[in-house]
Amino acid sequence: EIMRKLVALALSCAMVFSMTACGSKDNGSKDNSSKNDSGKTTFTVGFDAEYPPYGYMDDSGEYTGFDLELAQAVCDIEGWELVKTPIDWDSKDLELNNGNIDCIWNGFTMNGREDDYTWSDPYVNNEQVMIVAKDSGIKKLADLKDKYVGVQAGSAALGLLKEGGDQEDLAKTFADLQEYADYNTAFAELQAGTVDAVAMDIGVAKYQIESRDDGYEILDEKLNSEQYAIGFKKGNTELRDKVNADIILFFAILPNAITKPSGNENRRVRKNIFNVSTIPSDILDIIISNGIFAANNIIPVCKVIISSRLS
């Protein structure tokens, strides 16, 4: 809910800025566009529905998550209809190349895949990490020797650990590297004791830990550092450029819409821009000091990378 409010706040300002600074825009065109029955342009996003906090089904049965809310903001700016399409992550390339989706947008690592897609600018700094039980005795990567490790099929973590990956030598010390369809299943196997550790993105790891009990931890040693971006079909620069520009606008506007109060009171959003009074201070501390959005009060999800074009 907090995430949706943050997106709505920044979006309202971004739309005002877009109308005043950029003039009118063609809201009805995009490369390889399709339209719904009412003639409205659709934007179909392929995502992993088992990948919180970036994409998942909430308690009301609706698909949500940071990336989906950001995609909705882009659609609101462009006047498109967002079509949220859950996909088998291992089949993402087939879905994209067959035209079933317009892009892959769900915690999608661009590192090592730079030539495989037409990419947006990176918008998240991410790390691949290992989660273990606190009482497992595993404190560093070397302790994973002869242990069973779980990972999602088709994931960046698997790419690191499989043959030819940057952490191939580490994986060779494991008793076995077991692949799962999604990280919820992998974490359930960790809870059951079937595997000793799970390799995954740090944002997802923090979400999994906070969503459960306090019996799990992330190893201090990281597998790597990487970046998230939106993957479009190779050559689809027209759609990429539209979405890229909207995201840059969206994130450029948000810091200017927030004021810093005195003392410990909640920071206030400028009322001449937003028709709201306050946002929780801990959320705004994350946004203002680090350029980071949060899916809830604990988990930093999105470190915004705004290029020098905004200076």
Practice problem: Scan for ring-ring contact (aromatic ring centres under 6.0 Å, His included) pairs involving residues 141-180, sequence neighbours excluded, and state none if there are none. | Solution: none
Self-check item: Same apolar cluster: M57 and F66, side chain cutoff 4.5 Å
Solution: yes
Exercise. Show your reasoning for whether salt bridge (charged side-chain N to carboxylate O under 4.0 Å, His left out) applies to E168 and K172.
Key: CA-CA 6 Å; E168 175 188 2; K172 288 179 178 179; 3.4 Å; yes
Practice problem: For the residue pair L68 and Y56, establish whether any side-chain heavy-atom pair is separated by less than 4.5 Å. | Solution: no
Quiz item: Can you check whether T173 reaches D146 side chain to side chain, under 4.5 Å on heavy atoms?
Solution: no
Exercise. Output the distance between atom NZ (K242) and atom OG1 (T237), rounded to the nearest 0.5 Å.
Key: 12.0 Å
Quiz item: Y228 vs Y54 aromatic rings, parallel, tilted or perpendicular, using cut-offs 30° and 60°?
Solution: perpendicular
Quiz item: Short question: side chain of R240, backbone of W119 - any donor-acceptor pair under 3.5 Å?
Solution: yes
Quiz item: Can you check whether L223's main-chain N or O pairs, donor with acceptor, with Q167's side chain at less than 3.5 Å?
Solution: yes
Quiz item: When you measure from the side chain of K84 to the backbone N and O of L82, does any donor-acceptor pair fall under 3.5 Å?
Solution: no
Exercise. Using the side chain to side chain contact (heavy atoms under 4.5 Å, CB included) rule, take E226 and E127 through it: C-alpha gap first, then chi angles, then the decisive distance, then the call.
Key: CA-CA 6 Å; E226 60 191 26; E127 294 173 317; over 6 Å; no
Quiz item: Does any donor atom in the side chain of N106 or D48 lie under 3.5 Å from an acceptor atom in the other side chain?
Solution: no
Quiz prompt | Donor-acceptor pair, side chain of T42 and main chain of T44, under 3.5 angstrom | solution = no
Quiz item: Are the side chain of N97 and the backbone N or O of D93 linked by a donor-acceptor pair below 3.5 Å?
Solution: yes
Quiz item: What distance separates L170 CG from E221 CD, expressed to the nearest 0.5 Å?
Solution: 9.0 Å
Let me check something: any side-chain donor-acceptor pairs from residues 154-163 under 3.5 Å, sequence neighbours excluded? List them with distances.
unit_1, atom_1, unit_2, atom_2, d
S155, OG, Q152, O, 2.7
S155, OG, L158, N, 3.2
S155, OG, Y183, OH, 3.4

Practice problem: With side chain to side chain contact (heavy atoms under 4.5 Å, CB included) as the test, would you mind laying out the steps for F187 and D182 before giving the verdict? | Solution: CA-CA 9 Å; F187 203 97; D182 58 75; over 6 Å; no
Exercise. Applying side chain to side chain contact (heavy atoms under 4.5 Å, CB included) between E189 and each of V195, D196, V198, report the one that passes.
Key: V195
Quiz prompt | Greater than 12 external heavy atoms within 6.0 Å of D166's CG | solution = no
Practice problem: Mind checking the CD1-CG spacing from I230 to N244? Nearest 0.5 Å is all I need. | Solution: 7.0 Å
Quiz prompt | N224 and Q128: side chain donor to acceptor below 3.5 Å | solution = no
Exercise. Identify the heavy atoms of L190 and A197 that sit nearest to each other, and give their distance.
Key: CD1-N, 3.8 Å
Quiz prompt | Polar side chain donor-acceptor pair, S60 to D58, under 3.5 angstrom | solution = yes
Self-check item: Aromatic ring pairing Y123/W105, orientation class (parallel under 30°, perpendicular over 60°, tilted between)
Solution: perpendicular
Self-check item: Smallest separation among heavy atoms of A133 and Y216, with atom names
Solution: CA-CD2, 3.7 Å
Exercise. List the atom of G55, the atom of F47, and the distance in Å for their closest heavy-atom pair.
Key: CA-CD1, 4.3 Å
Quiz prompt | Min side-chain heavy-atom separation I218-I209 under 4.5 Å | solution = yes
Self-check item: Smallest separation among heavy atoms of M110 and A229, with atom names
Solution: SD-CB, 3.8 Å
Exercise. Please confirm whether the backbone N or O of D90 pairs with a side-chain atom of D88, one donor and one acceptor, at under 3.5 Å?
Key: yes
Quiz item: So, do D102 and V45 sit near enough that their side-chain heavy atoms are less than 4.5 Å apart?
Solution: no
Exercise. To the nearest 0.5 Å, tell me how far K92 NZ sits from L96 CG.
Key: 10.5 Å
Quiz item: Would you say the side chain of I138 lies within less than 4.5 Å of the side chain of L219, judging by non-hydrogen atoms?
Solution: yes
Quiz item: Between S211 and Q208, is there a donor-acceptor pair closer than 3.5 Å when you use the side chain of the first and the backbone of the second?
Solution: no
Quiz prompt | K145 atom NZ: more than 12 heavy-atom contacts under 6.0 Å | solution = no
Quiz item: Do the side chain of D201 and the main chain of V204 share a donor and acceptor less than 3.5 angstrom apart?
Solution: no
Quiz item: Is there a donor-acceptor pair closer than 3.5 Å between any side-chain N or O of D143 and the backbone N or O of K139?
Solution: yes
Self-check item: I104 side chain near Y117 side chain, heavy-atom distance below 4.5 Å
Solution: yes
Quiz item: Do K206 and E210 sit within salt-bridge range, that is, some charged N less than 4.0 Å from a carboxylate O?
Solution: no
Practice problem: Mind running side chain to side chain contact (heavy atoms under 4.5 Å, CB included) on Q178 and D176 for me, showing each step along the way? | Solution: CA-CA 6 Å; Q178 301 181 7; D176 190 30; 3.2 Å; yes
Self-check item: Contact summary for D220 and K222, nearest pair of heavy atoms
Solution: O-NZ, 2.9 Å
Quiz item: Heavy-atom distance under 4.5 Å between the side chains of T109 and Q227, does that happen here?
Solution: no
Quiz item: So, does E114 use its side chain to make a donor-acceptor pair with the main chain of G112 at under 3.5 Å?
Solution: yes
Quiz prompt | Between E81 and T41, a side-chain donor and acceptor under 3.5 Å | solution = no
Practice problem: Identify the heavy atoms of A205 and V129 that sit nearest to each other, and give their distance. | Solution: CB-CG2, 3.8 Å
Quiz item: Between L177 and M130, is there a shared hydrophobic cluster once you connect ILVMFWY residues whose side-chain heavy atoms come closer than 4.5 Å?
Solution: yes
Practice problem: Evaluate the side chain to side chain contact (heavy atoms under 4.5 Å, CB included) criterion for residues I131 and M200: first the C-alpha distance (whole Å), next the side-chain angles of each, then the deciding distance (0.1 Å), finally the verdict. | Solution: CA-CA 8 Å; I131 294 184; M200 63 174 67; 3.7 Å; yes
Quiz item: Would you call the rings of F108 and W89 parallel, tilted or perpendicular, where under 30° means parallel and over 60° means perpendicular?
Solution: perpendicular
Quiz item: Is any side-chain N of the basic residue among K233 and E95 closer than 4.0 Å to the acidic one's carboxylate O?
Solution: no
Quiz item: Less than 4.5 Å apart, any side-chain heavy atom of T85 and any of N100?
Solution: no
